[in-house]
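These figures come from a predicted structure and were not determined experimentally.
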Amino acid sequence: MRTVRYLITSALPYINGVKHLGNLVGSQLPADVYARYLRQRGHEVLCICATDEHGTPAELAAAEAGLDVAEYCAQQHRIQKEVGERFGLSWDHFGRSSSPQNAELTRHFAERLRDNGMLEERVTEQIYSPDDGRFLPDRYIIGTCPYCGYPRARGDQCENCTRLLEPTLLIEPRSAISGSTNLERRKTKHLFLRQSLMGDRIREWIDSHDDWPILVTSIAHNWLSVGLEDRSITRDLKWGVPVGWPGFEDKVFYVWFDAPIEYIGATKEWSDVDPSGRDWRSWWYEAGDVRYVQFMGKDNVPFHSINFPVTIMGSGEPWKLTDYIKGFSWLTYYGGKYSTSQHRGVFMDDAVELLPADYWRYALLANAPESDDSDFTWESFAFTVNKDLAGIFGNFVTRTLKLSQKRFGAAIPSGGAPGHAEVELERNIDGALSRFATEMEAMRFRPAAFALRTLWTHGNQYLDRCAPWNEPDDTRAACVLRTAINLARVEAIVSASFVPFACERLAGDLGLAAEERQWPGPAAGELSRLQPGRGITVGDALFPRIGDRSSLGAWVSEMEARFGGREDAA
């Protein structure tokens, strides 16, 4: 019997600009941490992401930048890929929805849906702007949401209540290009996906996943409760995957039809980069040995729990459906939304220039919005970094290595035998490792961060209890410090999914070979694995503190002035 392989995808970041911290913690970062953890545990993992490049926002952003849309998308893809890599996002491939592979697969799915009676041609009325000289689908139109009254709802979806919309439903609509309210309704022909035929099948499929987060199933059931509506999958645009069918030569597929297909497209891109031994279809087609996990913010849940599954089921082919959807609520900034135009909030490029990626990775996940919204403030961020990373993990490593070097030189000391303190430490470490593994398997990232912090805390408590700096017996002091160095090795391995850069440094200071970085077994064996006489390096602090007690307030004020703060949220 073949073993389980893990396919991991995160919601595709849209192409129009670098994403903010809420986007990061709501999809790509937890996907990366989970993928890293599974790789450490010996699983075969394929982690896929891509830029979502079609649709009206790309055209608008390109026009504003004075670039051809294809050139703009290529530029922004390079930027997002570079920023993601600086954050340690370990994709196996970071693709592009504008790729030839995705275009080929998008047309394939459309043809299968057409052959199975799942597509229907309909003449509809759409908004046309004489002042702009074009139809205004989707995000080209802004108006008041008819459901919640939000005044800046887009023509495809209200970001306030997350309801999908049609531009013709908006109240007091206006052009997103010119602001003109001189809009007309004109007839145009489009392809509609007959989602209404699939309601019962989708409900049965969702109900079969009773392990999904309540956040995800509640959103999906809310959509199903109002009934699935047939939805247009084409648009009157030039930028996108061309339909190419008779009568549709001037139309492209709707971005929310082709974007999820890019998960498959990006896997084919990955295979085409180096086709030797890379069977992309084995991950998606008749892939019974694959466990497919998706990560996304709650606004993307409807598309992945309903719309994309309708496409896959409607094709009549055995493509892989998701096994688990990990949804996240919002990360707010001082109680408000992130905004590029209003200069509110922290975006990934600024964040990684300001402080090490590990600081952001850990602090964001330790406060991840898994069930409810969570709020970012500079005070809470600095407190988490200084207390957990600098004060607990970093402090344990620094105390251990510096004291050992001072007393015994730059090698692991010899002498002494484990006693009651070491037996108790082994028990505590086994408990923390078990809890961390349990939380990671369940993809509960805040509790997993707490389990990590508990692991680090046990190291400091052990040192405080044994006080090797006051121990007159060299053999006893050597035993304590040797045990602590071995615990530092365990922490370097187990913490690597959350803070990979610091853990790589620590592993280098301990001189760990590849085989010495395997996931630890019972603590009784692991806390004596590195033998006496082995050389160690005492490097700089793993996590320098943010400011100090006298200057931290000034630093917080500086960050609020630069990125927005309480006054802006009011």
Side-chain angles (χ1 to χ4, degrees), residues 52-60 69 97-98 102-130 132-143 146 153-158 163-170 173 175-177 183-199 202 223 226-262 302-303 306-315:
D52 179 3
E53 300 186 9
H54 292 138
T56 53
E59 291 187 308
L60 291 172
V69 64
S97 69
S98 63
N102 193 45
E104 176 188 353
L105 282 160
T106 297
R107 284 189 285 267
H108 171 85
F109 275 100
E111 290 165 2
R112 297 289 78 76
L113 290 166
R114 178 191 59 191
D115 295 345
N116 291 336
M118 288 294 295
L119 294 185
E120 186 173 89
E121 295 183 15
R122 296 181 187 176
V123 175
T124 65
E125 283 190 337
Q126 284 193 263
I127 303 298
Y128 185 87
S129 171
D132 296 312
R134 62 181 298 168
F135 282 102
L136 298 178
D138 308 326
R139 299 190 181 193
Y140 275 83
I141 309 171
I142 299 172
R154 305 186 305 258
D156 61 342
Q157 184 181 23
C158 175
R163 290 288 294 270
L164 287 186
L165 300 171
E166 291 289 346
T168 54
L169 295 176
L170 291 174
S175 168
I177 302 173
L183 307 178
E184 302 174 356
R185 292 174 179 263
R186 293 191 181 183
K187 292 184 177 180
T188 182
K189 182 171 64 174
H190 285 290
L191 293 170
F192 276 71
L193 178 60
R194 302 176 69 189
Q195 295 188 140
S196 58
L197 301 178
M198 300 288 286
I202 290 292
W223 275 58
V226 299
L228 294 188
E229 297 180 356
D230 298 341
R231 187 150 180 83
S232 171
I233 63 166
T234 54
R235 290 295 185 266
D236 293 291
L237 297 171
K238 298 185 183 301
W239 177 242
V241 176
V243 177
W245 299 354
F248 290 85
E249 293 87 353
D250 59 343
K251 300 182 190 296
V252 300
F253 286 106
Y254 176 38
V255 61
W256 263 110
F257 180 71
D258 82 79
I261 296 171
E262 168 59 8
F303 300 104
I306 295 176
N307 302 123
F308 188 35
V310 166
T311 295
I312 292 180
M313 293 179 185
S315 74

Peer 1: Of the non-hydrogen atoms in Gln126 and Thr188, which two are nearest, and what is the gap between them?
Peer 2: OE1-CG2, 2.9 Å

Peer 1: Would you mind listing every salt bridge (Lys or Arg N to Asp or Glu O under 4.0 Å) that reaches into residues 107-119, with sequence neighbours excluded?
Peer 2: Arg112-Asp115

Peer 1: Could you go step by step and tell me if Arg231 and Phe257 meet the side chain to side chain contact (heavy atoms under 4.5 Å, CB included) rule?
Peer 2: CA-CA 10 Å; Arg231 187 150 180 83; Phe257 180 71; over 6 Å; no

Peer 1: May I ask you to check whether Ser196 and Asp230 show a side-chain donor-acceptor distance below 3.5 Å?
Peer 2: yes

Peer 1: What pair of heavy atoms forms the shortest contact from Ile202 to Met313, and how long is it?
Peer 2: CD1-SD, 3.7 Å

Peer 1: Could you tell me the separation between the CD1 atom of Ile141 and the OG atom of Ser175, rounded to the nearest 0.5 Å?
Peer 2: 8.0 Å

Peer 1: With a 4.0 Å cut-off, would you call Arg134 and Asp132 a salt bridge?
Peer 2: no

Peer 1: What is the distance from atom CH2 of Trp256 to atom CG of Leu164, rounded to the nearest 0.5 Å?
Peer 2: 9.0 Å

Peer 1: What's the shortest heavy-atom distance between Gly240 and His54, and which atoms?
Peer 2: CA-CD2, 3.4 Å

Peer 1: Pick one: which of Lys251, Arg186, Lys189 meets side chain to side chain donor-acceptor pair (under 3.5 Å) with Asp236?
Peer 2: Lys251

Peer 1: How far does CZ of Phe253 sit from CG of Leu237, to the nearest 0.5 angstrom?
Peer 2: 13.5 Å

Peer 1: Say you draw a straight line from CZ of Arg185 to OG1 of Thr168; how long is it, rounded to the nearest 0.5 Å?
Peer 2: 5.5 Å

Peer 1: Keeping His190 on the side-chain end and Thr234 on the backbone end, is there a donor-acceptor pair under 3.5 Å?
Peer 2: yes

Peer 1: Could you tell me if the side chain of Gln157 sits less than 4.5 Å from the side chain of Leu165, heavy atoms only?
Peer 2: no

